[in-house]
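To keep things clear, I will list the structure first and then write my remarks on it.
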Amino acid sequence: MLEAISAVSKWAIPVFLTLVLVIGTLRRVQVFETFVAGAEQGFGLAVKIIPFLVAMIVAISIFRASGAMDVLISMVSPFFNLIGAPAEVLPHAVMRPLSGGAALGIASEMIEEHGPDSLIGVLVSTMQGSTDTTFYILTLYFGSVGIRKYRYAIASGLTADLTTLFASIFIVTLLFAHLS
Amino acid sequence: MVNYIWLGMILMGVVTAAWNGQIEVVTKAALEGAQTAVTTAFSLIAIMAFWLGIMKIAEEAGLVKVLAVLVRPLIRLLFPSVPKDHPAVGAIVMNLSANMLGLGNAATPMGLIAMNELQKLNPKPDTASEAMCTFLALNTACITIIPSTIIGIRAFYGSADPAMVVGTTLFATTCGMTAAILADQFFRRLYRLRGGGLC
């Protein structure tokens, strides 16, 4: 199983790259010139998203460093105990939509501390693997085309995140209750 | 909504810092956050340039169009406002495929190309269109077949079976993606009813 999975991750991009170039050449595309023309936009796009990223990351950074994040976590934790989930994973659940790097850091730390094959280790791995950094994606994607009014995108994104979180807790505590 | 979330995070941060008697943390965190944002944006230049170049070839070779034809029925269902042969369709499909395979580096540039195409169809350039909201909902909660990053971390910390979270992740993301589609449909109707006045 693991071999097959790591083979797919390893081969997907080289195979895609080769396919695009070979088919492009067969279809008489000037591959080098076309690549350069496309790549040219990379810099402009990165510069364009800076103000959006600054706004979002500054707010998240203040929220975390001030201790407001810990207040939020302590407010949610009684509810977490109620559904029978280990409260240790709560900081990760709160951090995941806000900061990809910080969430990955928390996940690695917990895997190291509790062991990758413990209940907490499997749960936090599932949580890390199954959701994305919603706020970063929204900021980046909307920022790249200059959209400032997000309408209901945050609401549906967070609904999906919550569902994924509860589904992770449900399936892991169901299948791996024998681990400790 | 984004206004209130943003305001809320900063106000709560300032109040909590003052309450804890460490108000100086706020200034430091703000400047560090800004620094992180710029570093993140600049580190994107490399992968963006590479993938935008490759995608341009794929587009000129007609590959994006072929892909779009293959998944047309599904796309018409989820994105009724996008014309069936529009280049946005191909980019959306490529982005979601990369997400499913856990190829985050490739998914982002393709997603940005899709947003750029969707923006061409958007009547109000500063406001998210319905198609964009659907696309982002799918993006933040996409079915993941191979969670490659976390498998790597599990292997690093000596797991007996690093890939054993593949099944649980697939289950959780399937639930999440279903919720994303339902929530998107629900909020879309709610917004139409209220005339978009909520935010």
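Chain letters run A, B, ... following the sequence lines, proteins first and then strands; every chain starts at 1. Values below: all heavy atoms of this structure, side chains included; hydrogens, waters and symmetry mates excluded.
- Of the atoms belonging to A:Met56, heavy atoms from both backbone and side chain fall under 4.5 Å from chain B.
- Proximity of B:Val82 to B:Leu118: side-chain heavy atoms (C-beta onward) are separated by under 4.5 Å at one or more points.
- Between B:Lys120 and B:Glu117 there is a salt bridge, since at least one side-chain N of the basic residue sits less than 4.0 Å from a carboxylate O of the acidic one.
- Looking at B:Ile54, both its backbone and its side chain come within 4.5 Å of chain A, counting heavy atoms on both sides.
- Residues from residues 43-50 of chain A that place a non-hydrogen atom less than 4.5 Å from a non-hydrogen atom of chain B comprise A:Phe43, A:Leu45, A:Ala46, A:Ile49, A:Ile50, given in numerical order.
- Proximity to chain A is limited to the side chain of B:Leu63, based on heavy atoms less than 4.5 angstrom apart.
- Interface residue B:Glu130: backbone and side-chain heavy atoms are both found under 4.5 Å from chain A.
- With respect to chain A, the highest number of heavy-atom pairs below 4.5 Å among B:Thr127, B:Thr178, B:Ile23 belongs to B:Thr127.
- Contact annotation for B:Ile150: only side-chain heavy atoms (C-beta onward) come within less than 4.5 Å of a heavy atom of chain A.
- Contacts of A:Asp161 with chain B are made by side-chain atoms alone, with heavy-atom separations under 4.5 Å and no backbone atom involved.
- Neither the backbone nor the side chain of B:Phe156 comes within less than 4.5 Å of any heavy atom in chain A.
- In this structure, the portion of A:Ser144 lying under 4.5 Å from any heavy atom of chain B is its side chain and not its backbone.
- Ranked by heavy-atom pairs shorter than 4.5 Å toward chain A, the options B:Thr169, B:Leu44, B:Leu31 are led by B:Thr169.
- Neither the backbone nor the side chain of B:Thr134 comes within contact range of chain A, judged by heavy atoms closer than 4.5 Å.
- Residue B:Asp126 touches chain A through both its backbone and its side chain, counting heavy-atom pairs closer than 4.5 Å.
- In this structure, A:Phe142 has its ring center closer than 6.0 angstrom to the ring center of A:Tyr150.
- The contact between B:Thr144 and chain A is made entirely by side chain atoms (from C-beta outward), counting heavy-atom distances below 4.5 Å.
- Heavy atoms of A:Phe16 lying under 4.5 Å from chain B belong exclusively to its side chain.
- Only the side chain of B:Trp51 comes within contact range of chain A, with heavy atoms under 4.5 Å apart.
- Judged purely by distance below 3.5 Å, without hydrogens or angles, the side chains of B:Asn99 and B:Asn139 pair a donor atom with an acceptor atom.
- In this structure, chain A has a heavy atom under 4.5 Å from the side chain of B:Thr149, while its backbone stays farther away.
- Looking at B:Glu60, the atoms closer than 4.5 Å to chain A (heavy atoms on both sides) sit in the backbone and in the side chain alike.
- Using a 4.0 Å cut-off between charged nitrogen and carboxylate oxygen, B:Arg154 and B:Asp161 do not count as a salt-bridge pair.
- Residue contact with chain A, scored on non-hydrogen atoms closer than 4.5 Å, involves the side chain of B:Ile5 exclusively.
- With a threshold of 4.5 angstrom between heavy atoms, A:Val36 does not approach chain B through any atom at all.
- Between chain A and the options B:Gln22, B:Glu32, B:Met164, B:Glu59, the largest number of non-hydrogen pairs under 4.5 Å is found for B:Met164.
- The contact list for residues 26-35 of chain A toward chain B, using heavy atoms and a distance under 4.5 Å, reads A:Arg27, A:Val29, A:Val31, A:Thr34, A:Phe35 by residue number.
- Of the two parts of B:Phe42, only the side chain, counted from C-beta on, holds a non-hydrogen atom closer than 4.5 Å to a non-hydrogen atom of chain A.
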